Amino acid sequence: MACEAIVLAADDAGLSVSDIDGFALYSLTLDPAILAETLGIPEIRFSATLTGGGGGSAGGVGLAATATAAGIADVVVTLMTLQQADRRLGASFEHSANHDSSFDFVSPSGMLAPGQMFAMLAMRHMHQYGTRREHFAEVAVAQRANAVRRSTALLREPLSINDYFSAPMLSDPLCRFDFCLESDGAVACITVSADRAADLRQPPVHVLAHAHGGAGGWGKAFQRMQMPDDYFASSGHRPVAQRLFEQADVEPSDIDVAELYDHYSPAVIMQLEDYGFCGIGEGGPFVGEGHIRWPGGSLPVNTHGGNLSEAYVIGMTHVVEAVEQLRGTAVNQVADASLALVTGGPAALPTSGLILGSTR
Amino acid sequence: MTTIRTDPPTPAPLAQLHPDGITRPFWEAATSHRLVCQQCAGCASRRLPPTSHCNRCRSASYEWVELPGTGTVYSFTVTRHAFVPYLRDHVPYTVVLVELDEAPGVRLIAQAVAPCVDDIRIGDAVTVVWDDAGDGVTVPKAQRTSA
């Protein structure tokens, strides 16, 4: 599956797999040693993996951009492949490396699944800012409406507000439709230098800014729950957001479309705040006013349906959707989209983001 | 500190601990129903879960101090779905994030003592109680402090 994605991505770009000389990955994916051997790649010049979990998805592409800009490698692949037959990521952290002396301060409480952990942040957000379940519902409903139109989406049945409120609660305040899908899939993305991109088959999409990281106090985040009060009920993205906008020299209001990592629907609301599309604590009313809807919203979000409704490939489908939006070939195309934001996380450090543009 | 045998008991898989050199004193104190945390020898700040270094002054010296075992609900979740099969008969249950008194900013994650599903709110005063879960393991739980 991973090899197929790489072959298709190279073909799409007008490159040969033999041109690939780098891998810039993030956690839980395949070992480049096996990929290089299997695909017969002549020489690897760059092989690096961002630490963290889903928080690194956008950052993997940033890592690739670093390698190509520095001239370390020419054609760098960022990849996510996911087969969940053996172990479902959403079920429990207990079989992972987290089950150590540190996780002893978590697991006896019965809080084992990431969804339970994220529920704590969502509950605090509701308490601090008055965010309501109707706001979470709007994220789920708006994203499903986008997935319905997309033939590759896994969930294409329309979702109504009644459907949302009829769904079983899994861990308050989150119900089934606040949780992302768990699916198998592979996505490969190829990054080359801007000069090289100009000669390739597709109109290039430019990495205008990339950043990963976050405040040290964010740390393991909701796996430890010791984040400072200032940003406990947040996505942990604020430092990354600031660096992205500075690097690209643009404002939040310049962004045409945002593909925001959505393992849980409140994460979208928290990122809208942390990226400055609305004030801190105002994410609920912001989505309630219809801003993230496509078409018609001031900032269409997760136009592919996201992890909630399209597919869960740990954030890489968000990169694909942003590229399609900027090429002008998206299923749910935002008119004249020229700037897209893509994020990875919130999860443990690092969270990450990209600002992509149709022009340099 | 209050000693209770909670109902339902902590499921055995949740009472499997992996103490190491840094965390063992916490779990040893737990068996005698005492809530302790690290206090930095350099700046006197208190911390939990245990770590090797103080994240304020970077001192690696600390002592263990006993806390009153009371606190405030910072957040919580009522888990109604069994995310792992062995919790099927245990749901629903409430997990509480307790901001501990006399340890500013330090939070303890504990399951609430039944019956408090749907009855706990952020800001409630809670007391840490102890569940002797067998095999010499004692785990903290949170009980709403009666007014």
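Letters go in sequence order (proteins before strands), and every chain restarts at 1. A quick note: this is a predicted structure, and the numbers were derived from the prediction, not measured.
Neither the backbone nor the side chain of B:Ala15 has a heavy atom closer than 4.5 Å to any heavy atom of chain A. Of the two parts of B:Phe26, only the side chain, counted from C-beta on, holds a non-hydrogen atom closer than 4.5 Å to a non-hydrogen atom of chain A. With a 4.5 Å cut-off on non-hydrogen atoms, B:Ile122 touches chain A through its backbone and its side chain both. Looking at A:Arg176, neither its backbone nor its side chain comes within 4.5 Å of chain B, counting heavy atoms on both sides. Contact annotation for B:Val139: only side-chain heavy atoms (C-beta onward) come within less than 4.5 Å of a heavy atom of chain A.
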Worked check of side chain to side chain contact (heavy atoms under 4.5 Å, CB included) between A:Phe105 and B:Leu17: CA-CA 9 Å; A:Phe105 289 83; B:Leu17 301 177; over 6 Å; no
Let's go through A:Leu174 and B:Thr77 carefully: what are the C-alpha distance in whole Å and the side-chain angles of both, what is the deciding distance for side chain to side chain contact (heavy atoms under 4.5 Å, CB included) to 0.1 Å, and is it a yes or a no? CA-CA 9 Å; A:Leu174 305 182; B:Thr77 183; over 6 Å; no
Pair B:Glu99, A:Asp229 - check side chain to side chain contact (heavy atoms under 4.5 Å, CB included), show working. CA-CA 11 Å; B:Glu99 205 146 53; A:Asp229 185 57; 5.8 Å; no
Please test B:Phe76 against A:Asp172 for side chain to side chain contact (heavy atoms under 4.5 Å, CB included), starting from the C-alpha separation and ending with a verdict. CA-CA 8 Å; B:Phe76 69 97; A:Asp172 294 4; 5.7 Å; no
For B:Thr23 and A:Ser101: C-alpha separation, side-chain torsions, deciding distance, then whether side-chain hydrogen bond (donor to acceptor under 3.5 Å, both in side chains) applies. CA-CA 7 Å; B:Thr23 69; A:Ser101 64; 4.7 Å; no
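When all heavy atoms are compared, the tightest approach of B:Arg107 to A:Gln226 is O-NE2, 2.7 Å. The minimum heavy-atom distance linking A:Leu112 with B:Tyr86 is given by the pair CD1-OH, 3.5 Å. Listed here is the closest heavy atom pair of B:Ser75 and A:Met120: OG-O, 2.6 Å. The two atoms that bring B:Tyr93 and A:Gly110 nearest to each other are OH-O, 2.5 Å, heavy atoms only.
Between chain A and the options B:Pro11, B:Pro19, B:Gly105, B:Pro50, heavy-atom pairs under 4.5 Å are most frequent for B:Pro50. Taking A:Met126, A:Met225, A:Met227, A:Met111 one by one and counting their heavy-atom pairs under 4.5 Å with chain B, the maximum is reached by A:Met225. Interface check for chain B: of the options A:Ala122, A:Ser171, A:Pro168, the most heavy-atom pairs under 4.5 Å are formed by A:Ser171.
A:Ser109 contributes atom OG, which lies 9.0 Å from atom CG of B:Leu108 (distance to the nearest 0.5 angstrom). Atom CD1 of B:Ile109 sits about 7.5 Å away from atom CE of A:Met117, to the nearest 0.5 Å. Here A:His127 contributes atom NE2 and B:Tyr74 contributes atom OH; the two are 9.0 Å apart, rounded to the nearest 0.5 Å.
Under 3.5 Å, the side chains of A:Asp104 and B:His18 contain a donor-acceptor pair of N or O atoms. For the residue pair A:Gln116 / B:Thr79, a side-chain donor-acceptor distance below 3.5 Å is found, with atom types taken as modelled.
B:Gln16 places none of its side-chain heavy atoms less than 4.5 Å from the side chain of A:Pro108.
Within 6.0 Å of atom NE2 in A:His212, 12 or fewer heavy atoms from other residues, nucleotides or ligands are found, so the atom counts as exposed in its surroundings.
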